[in-house]
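A quick write-up on the structure given underneath.
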Amino acid sequence: MEIANCKSRSEYLEKAALFYAGYVSGQDATAYLPPALASVLRGTVQDTENRICRLLFKLAVEQDMVMNVLAAGMEIPDEQLKALRGRCAQDVKKTSGSISLNDAVRYQRGGL
């Protein structure tokens with residue numbers, strides 16, 4: 001009762017019931033976490049988000065470089081490029097993005 005700053009048992013039980021009702025309904029989970037824990041979780045999520053964003057940027061730069069090198073050395077008709085884009089989108093959806101260069105080479109050689 002002292003930690004919860006309650007003057008009576010009934011006030012303590014009322015706070016406990018409200019806490020439990022809020023916890024069960026899940027309206028705002030952060031209201032039921034200690035502020036320090038919520039702050040640490042927010043910071044961890046933000047750091048992870050920032051790291052992923054930086055890595056995605058670097059990956060996009062590398063991908064752009066590869067595409068420019070390939071485009072400079074290849075003459076691909078627009079129709080073939082459009083068909084390839086559709087097939088690649090289907091492959092990525094089907095495999096949840098788990099595609100390797102070996103898979104692409106096998107497909108280009110007629111193996112898929």
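Atom CD of Q46 sits about 14.5 Å away from atom CZ of R51, to the nearest 0.5 Å. Separation of atoms CG (D64) and CG (L59) is listed at 11.0 Å; rounding is to 0.5 Å. In this structure, CD in Q108 is found 10.5 Å from CG in L101, a value given to the nearest 0.5 Å.
Under a hydrophobic clustering in which Ile, Leu, Val, Met, Phe, Trp and Tyr are joined whenever their side-chain heavy atoms come within less than 4.5 Å, directly or via other members, M74 and V69 fall into different clusters. Grouping the Ile, Leu, Val, Met, Phe, Trp and Tyr side chains by contacts below 4.5 angstrom, directly or via other members, places F57 with M65.
When atom types are taken as modelled, the side chain of E11 and the backbone of K7 share a donor-acceptor pair closer than 3.5 angstrom. Without hydrogens or angle criteria, D103 side chain to S100 main chain gives a donor-acceptor distance under 3.5 Å.
The local environment of CG in D47 is crowded, with over 12 non-hydrogen atoms from other residues, nucleotides or ligands closer than 6.0 Å. Few gaps surround CG on N68; more than 12 heavy atoms of other groups in view lie less than 6.0 Å from it.
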For V66 and E62, what are the C-alpha separation, side-chain angles and deciding distance, and is it a side chain to side chain contact (heavy atoms under 4.5 Å, CB included)?
CA-CA 6 Å; V66 169; E62 293 298 320; 5.7 Å; no
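The pair R87-D91 meets the salt-bridge criterion, since a charged nitrogen lies less than 4.0 angstrom from a carboxylate oxygen.
Shown here for I76 and L81, the closest heavy-atom pair between the two residues is CG2-N, 4.0 Å.
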